[in-house]
Amino acid sequence: MEQDKFTNIYRLPTAIQIRIGKWQQTFNGTSDLVMHKAIEVRNQQYKKPNFFPSGWSVQLFDKNDISITNHGKYIQTAMRTMMNRKVSYKRIYLSRLPLEVAQPGMIAFKEEWIAKHNRIARKYNQIKKKEFTRYAMEEAETLYPSIPKNEFDAQLWNRLVVKELGNPNKYDNPYFVKKAVV
């Protein structure tokens, strides 16, 4: 790795600057002592409970943001499967159920899915944040960039799903919704 590639830390001609979202702090000087201080201050920001590093966390869904679209012959909503979090669509054909029954059923279905998804996402984010923080602490000790770029960890996610919700075979849909059936 290059010397200047610390996550959220930028080397300016006469200073070192931390930038995390809208928050930033600048330290005069470019020595190793100044870099160490900047890394420690950055790590304090990382430890805050509302900080989730991009690429290292899964977004939670809000029950107030349920979107159901009507396509004439059917209604649908976008969801992710529990195993591997692949994007898919849940559809209800209006020839099978009238709209007055289908729409509340779809909302109940998605609300149950959101509750289960967010439960797994919170555990996933907690585990990934601990891993991220360990890398950040290692940087403070070694003054060498060690936080890797991260992508979604499907194996960890799938392990958490099976641990929390049980075997996928006991569900008749890929969203692991059992109570709200439409």
Side-chain angles (χ1 to χ4, degrees), residues 1-2 4-10 18-24 39 41-69 75-92 106-142 144-182:
M1 279 192 181
E2 264 185 61
D4 291 338
K5 296 298 179 184
F6 285 96
T7 304
N8 299 112
I9 295 180
Y10 303 91
I18 308 167
R19 285 182 244 151
I20 303 172
K22 292 180 181 178
W23 180 87
Q24 70 178 23
I39 291 170
V41 170
R42 178 204 64 182
N43 289 353
Q44 289 171 353
Q45 293 295 314
Y46 285 171
K47 289 178 183 177
K48 290 186 175 179
N50 60 349
F51 174 79
F52 290 102
S54 61
W56 287 79
S57 61
V58 170
Q59 286 293 119
L60 300 179
F61 288 96
D62 186 359
K63 288 185 180 184
N64 298 324
D65 292 338
I66 293 176
S67 171
I68 297 174
T69 54
I75 61 172
Q76 82 175 11
T77 186
M79 299 171 74
R80 290 185 175 269
T81 60
M82 274 299 178
M83 299 302 283
N84 299 320
R85 292 189 78 242
K86 299 289 183 204
V87 174
S88 68
Y89 298 92
K90 171 70 175 162
R91 287 187 178 153
I92 299 176
M106 179 78 86
I107 290 170
F109 190 91
K110 190 138 184 193
E111 283 177 345
E112 183 179 339
W113 173 81
I114 286 172
K116 289 181 177 185
H117 176 275
N118 287 351
R119 189 168 108 202
I120 303 300
R122 282 185 191 93
K123 291 189 183 272
Y124 176 89
N125 290 345
Q126 186 179 25
I127 290 168
K128 293 304 279 183
K129 186 166 181 176
K130 282 183 184 174
E131 182 182 337
F132 180 83
T133 306
R134 279 195 302 271
Y135 283 121
M137 298 311 248
E138 182 181 318
E139 284 187 352
E141 292 172 13
T142 63
Y144 187 79
S146 58
I147 298 176
K149 294 277 184 233
N150 202 355
E151 294 179 7
F152 175 68
D153 187 347
Q155 288 182 324
L156 172 62
W157 178 268
N158 292 343
R159 273 197 319 271
L160 289 170
V161 167
V162 170
K163 181 181 173 189
E164 290 292 312
L165 304 176
N167 192 318
N169 296 336
K170 77 178 195 179
Y171 296 95
D172 62 354
N173 59 63
Y175 313 109
F176 285 41
V177 174
K178 229 179 173 61
K179 293 180 184 131
V181 179
V182 281

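Predicted model, so just to flag it, every value in this text is computed and none were measured.
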Q: Of all the heavy-atom pairs spanning Asn43 and Ala136, show the shortest one and how long it is.
A: ND2-O, 3.0 Å
Q: Compare every heavy atom of Phe61 with every heavy atom of Arg85, then report the nearest pair and how far apart it is.
A: NH2-CE1, 4.3 Å
Q. Counting distance only, does the side-chain N/O of Trp113 pair as donor-acceptor with the main-chain N or O of Thr81 below 3.5 Å?
A. no
Q) Do the ring planes of Phe132 and Trp56 sit parallel (below 30°), tilted (30 to 60°) or perpendicular (above 60°)? A) perpendicular
Q. Would Arg159 and Leu156 satisfy side-chain contact (heavy atoms from CB on, under 4.5 Å), going step by step from the backbone distance to the final call?
A. CA-CA 5 Å; Arg159 273 197 319 271; Leu156 172 62; 3.5 Å; yes
Q) Closest approach of Tyr171 and Val177, non-hydrogen atoms and distance? A) CD2-N, 4.3 Å
(Q) Nearest 0.5 angstrom please: Ile68 CD1 to Phe109 CZ, how far? (A) 11.0 Å
Q: Indicate yes or no: does Glu138 engage Arg134 in a salt bridge with an N to O separation below 4.0 Å.
A: no
Q: Step through it carefully: locate the ring centre of Phe152, locate the ring centre of Tyr124, and say whether they are under 6.0 Å apart.
A: yes
Q: To the nearest 0.5 Å, tell me how far Ile92 CD1 sits from Gln76 CD.
A: 11.0 Å
Q. Got a sec, which pairs hit salt bridge (charged side-chain N to carboxylate O under 4.0 Å, His left out) with one end in residues 163-173, sequence neighbours left out?
A. Arg119-Glu164, Lys123-Glu164
Q: Check the angle between the aromatic planes of Phe51 and Tyr46 and answer parallel, tilted or perpendicular using the 30° and 60° thresholds.
A: parallel
Q.
Assess the residue pair Ile18 and Trp23 against the criterion (side-chain contact (heavy atoms from CB on, under 4.5 Å)); give the C-alpha distance rounded to whole Å, side-chain angles, the decisive distance to 0.1 Å, and a yes or no.
A. CA-CA 8 Å; Ile18 308 167; Trp23 180 87; 3.5 Å; yes
Q. Taking the side chain from Glu111 and the backbone from Lys63, do they hold a donor-acceptor pair closer than 3.5 Å?
A. no
Q: Please check if the side chain of Asn84 supplies one atom and the backbone of Lys86 the other of a donor-acceptor pair under 3.5 Å.
A: no
Q) Does Lys90 make a cation-pi contact with Tyr175, if we ask for NZ or CZ under 6.0 Å from the ring centre and within 45° of the axis? A) no
Q: Could you check Ile127 against Asp153 for side-chain contact (heavy atoms from CB on, under 4.5 Å), going step by step and ending with a plain yes or no?
A: CA-CA 11 Å; Ile127 290 168; Asp153 187 347; over 6 Å; no
Q.
Just verifying a value: how many Å separate Asn8 CG and Ile39 CD1, rounded to the nearest 0.5 Å?
A. 11.5 Å
Q | Heavy-atom closest contact (Phe176 atom, Asn173 atom, distance) | A | N-OD1, 2.8 Å
Q: Report the distance from atom NZ of Lys130 to atom OH of Tyr135, rounding to the nearest 0.5 Å.
A: 15.5 Å
Q. Under 3.5 Å, side chain of Lys129 to main-chain N/O of Pro53, donor-acceptor pair present?
A. no
Q.
Under a 3.5 Å distance rule, please check whether Ser57 uses its side chain to pair with a backbone N or O of Asn125 as donor and acceptor.
A. no
Q | Pro168 and Val162, any side-chain heavy atoms less than 4.5 Å apart | A | yes
(Q) Measuring from atom CE of Met137 to atom CD1 of Ile147, what distance do you get when rounded to the nearest 0.5 angstrom? (A) 11.0 Å
Q. Does Ile20 offer a backbone N or O that forms a donor-acceptor pair with the side chain of Arg42 under 3.5 Å?
A. no
Q.
Restricting to non-hydrogen atoms, name the atom on Ile114 and the atom on Asp62 that form the minimum distance, rounded to 0.1 Å.
A. CD1-O, 4.0 Å
**Q.** Spatial distance of atom CG (Leu60) from atom CD1 (Ile120) [nearest 0.5 Å]
**A.** 12.0 Å
Q | For the student: nearest non-hydrogen atoms of Thr77 and Ser67, plus distance | A | OG1-O, 2.8 Å
(Q) Do Val87 and Arg80 have side chains that approach each other closer than 4.5 Å (heavy atoms only, starting at C-beta)? (A) yes
Q) Should Val58 and His117 be marked as a side-chain contact (heavy atoms from CB on, under 4.5 Å) after you check the CA-CA gap, both sets of side-chain angles, and the distance that decides it? A) CA-CA 10 Å; Val58 170; His117 176 275; 3.9 Å; yes
